[in-house]
Amino acid sequence: GQQVMQIPQYQHVQEGEDFTTYCNSSTTLSNIQWYKQRPGGHPVFLIQLVKSGEVKKQKRLTFQFGEAKKNSSLHITATQTTDVGTYFCAGNSNSGYALNFGKGTSLLVTP
Amino acid sequence: AAGVIQSPRHLIKEKRETATLKCYPIPRHDTVYWYQQGPGQDPQFLISFYEKMQSDKGSIPDRFSAQQFSDYHSELNMSSLELGDSALYFCASIRTANTEAFFGQGTRLTVV
């Protein structure tokens with residue numbers, strides 16, 4: 001079945017530093033979604049990428065979808081303490097119904 | 001705006017007991033997902049329903065079952081509970097295929 005791998009598992013940065021998390025799928029994805037989960041909270045949708053090579057930006061966040069539609073990345077420029085949380089990528093299964101999450105990257109930002 | 005509602009928020013059960021978790025998706029959303037999330041883990045896909053029919057099945061134990069009712073709410077039934085079933089259980093709904101999933105606040109199940 002589809003496996004979505006994500007690295008790194010943890011990242012600890014100083015406020016103002018950049019952060020990147022990478023997501024790789026064993027199969028070609030129709031689309032990829034990114035979610036953020038704050039400690040004690042529930043996953044919250046950030047963005048969806050659909051096209052090969054697509055790049056989308058949300059303020060300090062930049063999302064990329066690989067040309068082969070098997071990998072994706074999330075880059076945060078100049079992190080802030082409000083960026084703390086776990087970032088998950090998620091892809092639909094071959095059936096199109098299941099949404100499978102990567103292991104997530106937990107980001108800790110210290111002032 | 002209406003969100004996904006889950007009940008109860010917290011549940012404590014003893015081993016071998018049963019538990020029923022409820023989920024009320026956002027109105028006019030056609031798909032419901034159930035996830036199990038252990039401490040420090042990613043959400044593990046359990047099962048999904050599209051228009052009240054089971055659409056996909058993930059790592060759901062045989063002791064668990066789920067269904068979606070005519071009013072689109074869904075219930076996850078868990079029997080013969082084990083200590084390892086202690087986790088946060090999320091329900092999520094989507095309006096249509098390949099769109100963003102809206103998650104409920106989750107039900108924290110503790111099996112003692």
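Naming convention: chains lettered A, B, ... in sequence-line order (proteins, then strands); numbering from 1 in each chain.
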message: According to a hydrophobic-cluster definition based on side-chain heavy atoms being under 4.5 Å apart (Ile, Leu, Val, Met, Phe, Trp, Tyr only), do A/L46 and A/V109 belong together?
response: yes
field: Part of A/Q37 lying under 4.5 Å from any heavy atom of chain B
entry: side chain
field: Contacting region of A/F101 [heavy-atom separation from chain B under 4.5 Å]
entry: both
- prompt: In terms of heavy-atom contacts, does OH of A/Y22 have more than 12 from other residues, nucleotides or ligands at under 6.0 Å?
  reply: no
- prompt: Do other residues, nucleotides or ligands put more than 12 heavy atoms under 6.0 Å from the CG atom of A/L108?
  reply: yes
query: If you measure from NE2 on A/H42 to CD on B/Q37, what distance do you get to the nearest 0.5 Å?
result: 11.5 Å
query: Would you say the side-chain atoms of A/Q33 pair up with the backbone N or O of B/T99, donor to acceptor, closer than 3.5 Å?
result: yes
- prompt: Is there side-chain contact between B/F102 and A/V44, with at least one heavy-atom pair below 4.5 Å?
  reply: no
message: Quick one, B/F103 with A/Y35, criterion side-chain contact (heavy atoms from CB on, under 4.5 Å). Give me CA distance, side-chain angles, the key distance, then yes/no.
response: CA-CA 10 Å; B/F103 281 78; A/Y35 290 80; 3.9 Å; yes
query: How far apart are the closest heavy atoms of B/F90 and A/G41, and which atoms are they?
result: CZ-O, 3.7 Å
field: Minimum heavy-atom distance B/D42-A/G102, with the two atoms named
entry: CB-O, 3.0 Å
field: B/F69 atom CZ, neighbour heavy-atom count above 12 within 6.0 Å
entry: yes
message: Please determine whether the number of non-hydrogen atoms from other residues, nucleotides or ligands lying under 6.0 Å from atom NZ of B/K22 exceeds 12.
response: no
message: Taking atom CG as the centre, does B/D71 end up with more than 12 heavy-atom neighbours from other residues, nucleotides or ligands that are less than 6.0 angstrom away?
response: yes
- line: The interface call for B/Q41 against chain A, heavy-atom contacts under 4.5 Å, is backbone
query: More than 12 heavy atoms of other residues, nucleotides or ligands under 6.0 Å from CZ of A/R60: is that the case?
result: yes
task: Indicate the atoms forming the closest heavy-atom contact of B/A101 with A/L99, along with that distance.
output: CB-CD2, 4.0 Å
- line: Max heavy-atom pairs within cutoff under 4.5 Å with chain A, candidates B/Y35, B/Y50, B/F49, goes to B/Y35
- line: In terms of heavy-atom contacts, B/F45 and A/A98 come closest through CE2-CB, 3.4 Å
- request: Might you confirm whether atom NZ of B/K52 has over 12 heavy atoms from other residues, nucleotides or ligands at distances under 6.0 Å?
  value: yes
